[in-house]
Undergrad: 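Next up is a structure, given as structure tokens.
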Amino acid sequence: RESASGYDEQLQIHEATHVPGNFELAGTLQAVADWQHGQGDTMDFNGWLKRGVTEGARGIMLARYAALPAEEKTLLKPLSIFVDDFGRQEMEALFPGGVIPAQAGISLGHLVDKGLLLVTGVEEDGQLRHRFRQTALREAVYESITEERMAYHKKFAEALTRTPSASPQHVARIANHFRAGGDNAS
């Protein structure tokens with residue numbers, strides 16, 4: 001089967017869901033994408049659609065992030081280094097002197113209420129674990145902290161070295177954060 005152009009798929013989605021589509025514009029964009037693809041551009045029409053959706057979603061996430069109060073941004077920036085969930089240990093390692101800002105508990109709750117974070121579980125001491133609700137938001141915040149993120153990774157890796165464990169997962173986590181922090185020898 002020949003690779004799909006994207007136009008037929010768009011028409012199928014329209015017919016199945018009755019979502020309106022601008023087929024004149026889609027046809028024009030498809031023709032331009034096909035021409036550029038024929039000129040050596042590696043991205044076809046489906047690639048254009050995917051990139052547009054991805055960049056649009058990222059823009060929406062960054063707009064949501066930009067509208068947050070400063071103290072909530074202060075919390076989200078360092079926490080964006082965690083691909084998975086995070087809890088008290090991770091938060092204490094990242095904030096100055098290991099002290100979580102007084103409003104952190106309130107802000108995390110607000111971020112859950114706003115749909116930016118999810119509660120993923122409860123630790124043995126009763127503290128909640130969280131993660132970003134949308135990967136796109138975490139990635140957008142992470143990409144916005146280019147100057148700070150290496151320091152966050154290194155700070156967390158150093159904190160992990162003070163937690164005794166010989167488990168392969170623990171050692172790999174330390175190495176990954178040191179590497180992301182710019183220490184390629186770890």
Side-chain angles (χ1 to χ4, degrees), residues 19 43 47-165 167 169-186:
V19 173
M43 194 172 303
W48 278 28
L49 290 175
K50 182 177 179 186
R51 183 179 65 196
V53 168
T54 302
E55 289 175 4
R58 184 178 182 279
I60 291 168
M61 293 301 151
L62 279 174
R64 287 185 79 188
Y65 172 70
L68 294 174
E71 67 272 4
E72 292 178 355
K73 287 182 193 176
T74 300
L75 287 173
L76 286 178
K77 285 178 182 181
L79 297 175
S80 71
I81 71 168
F82 301 114
V83 175
D84 297 318
D85 66 353
F86 51 87
R88 188 158 199 75
Q89 175 192 22
E90 290 85 358
M91 289 181 68
E92 287 178 346
L94 290 174
F95 292 99
V99 178
I100 299 169
Q103 68 268 47
I106 295 169
S107 292
L108 287 177
H110 287 296
L111 295 174
V112 169
D113 291 343
K114 290 178 179 181
L116 300 173
L117 295 179
L118 285 175
V119 174
T120 59
V122 180
E123 296 178 347
E124 289 179 18
D125 64 358
Q127 296 294 320
L128 298 177
R129 293 193 64 78
H130 298 83
R131 73 170 174 80
F132 283 80
R133 178 178 289 272
Q134 289 118 350
T135 302
L137 173 63
R138 188 201 65 78
E139 290 171 350
V141 173
Y142 185 78
E143 289 172 16
S144 76
I145 59 167
T146 53
E147 294 178 18
E148 303 132 301
R149 69 178 166 212
M150 287 178 70
Y152 292 145
H153 279 291
K154 187 174 181 181
K155 189 173 187 178
F156 184 63
E158 289 168 349
L160 284 176
T161 63
R162 294 188 292 273
T163 305
S165 175
S167 79
Q169 296 88 356
H170 185 74
V171 173
R173 193 174 191 201
I174 291 171
N176 288 338
H177 283 284
F178 267 126
R179 194 173 307 110
D183 184 349
N184 294 323
S186 298

Undergrad: Please evaluate residues Asp183 and Lys154 with respect to the criterion side-chain contact (heavy atoms from CB on, under 4.5 Å), reporting the C-alpha separation (whole Å), side-chain torsions for both, the decisive distance (0.1 Å), and the verdict.
TA: CA-CA 8 Å; Asp183 184 349; Lys154 187 174 181 181; 5.8 Å; no
Undergrad: Supply the atom-to-atom distance Leu116 CG to Glu72 CD, rounded to the nearest 0.5 angstrom.
TA: 8.0 Å
Undergrad: By the salt bridge (charged side-chain N to carboxylate O under 4.0 Å, His left out) test, which pairs, at least two apart or in different chains, include something from residues 134-145?
TA: Arg58-Glu143
Undergrad: Where do Ala157 and Ile174 come nearest, in terms of heavy atoms and distance?
TA: CB-O, 3.8 Å
Undergrad: Decide side-chain contact (heavy atoms from CB on, under 4.5 Å) for Gln134 and Arg64; before the verdict, give the C-alpha distance in whole Å, the side-chain angles of both, and the deciding distance to 0.1 Å.
TA: CA-CA 12 Å; Gln134 289 118 350; Arg64 287 185 79 188; 3.9 Å; yes
Undergrad: I need the minimum non-hydrogen distance between Val141 and Leu76, along with the two atoms involved.
TA: CG1-O, 3.8 Å
Undergrad: Looking at Pro69 and Lys114, what are the two nearest heavy atoms and their distance?
TA: CD-NZ, 3.7 Å
Undergrad: Report all side-chain donor-acceptor pairs from residues 121-128 shorter than 3.5 Å, counting only partners two or more places apart or in another chain.
TA:
from   : atom 1 : to     : atom 2 : distance (Å)
Glu123 : OE2    : Arg88  : N      : 3.3
Glu123 : OE2    : Arg129 : NH1    : 2.7
Asp125 : OD1    : Gln127 : N      : 3.0

Undergrad: Look at the side chain of His130 and the backbone N and O of Gly109, then say whether any donor-acceptor pair between them is shorter than 3.5 Å.
TA: no
Undergrad: Measuring from atom CZ of Arg133 to atom CG of Leu111, what distance do you get when rounded to the nearest 0.5 angstrom?
TA: 11.5 Å
Undergrad: Residues two or more places apart in sequence or in another chain: which of them pass salt bridge (charged side-chain N to carboxylate O under 4.0 Å, His left out) with Lys73?
TA: none
Undergrad: Pick from Phe178, Phe95, Phe82, Phe86: which one makes a ring pair (Phe, Tyr, Trp, His ring centres under 6.0 Å) with Phe156?
TA: Phe82
Undergrad: According to side-chain contact (heavy atoms from CB on, under 4.5 Å), who are the partners of Arg131, at least two apart in sequence or on a separate chain?
TA: Asp85, Leu118, Thr120
Undergrad: Taking only residues two or more places apart in sequence, or in another chain, which ones meet Phe132 in a ring pair (Phe, Tyr, Trp, His ring centres under 6.0 Å)?
TA: none
Undergrad: Can you measure from CD (Glu90) to CD1 (Ile81) and round to the nearest 0.5 angstrom?
TA: 9.0 Å
Undergrad: Identify, with sequence neighbours excluded, every residue that meets ring pair (Phe, Tyr, Trp, His ring centres under 6.0 Å) alongside Tyr142.
TA: His153
Undergrad: Determine whether the side chains of Asn176 and Arg173 contain a donor N or O and an acceptor N or O closer than 3.5 Å.
TA: no
Undergrad: Work out which heavy atom in Thr163 is nearest to a heavy atom in His170; give both atom names and the distance.
TA: O-NE2, 3.0 Å
Undergrad: Measure across Lys155 and Leu94 and return the closest heavy-atom pair with its distance rounded to 0.1 Å.
TA: NZ-O, 3.2 Å
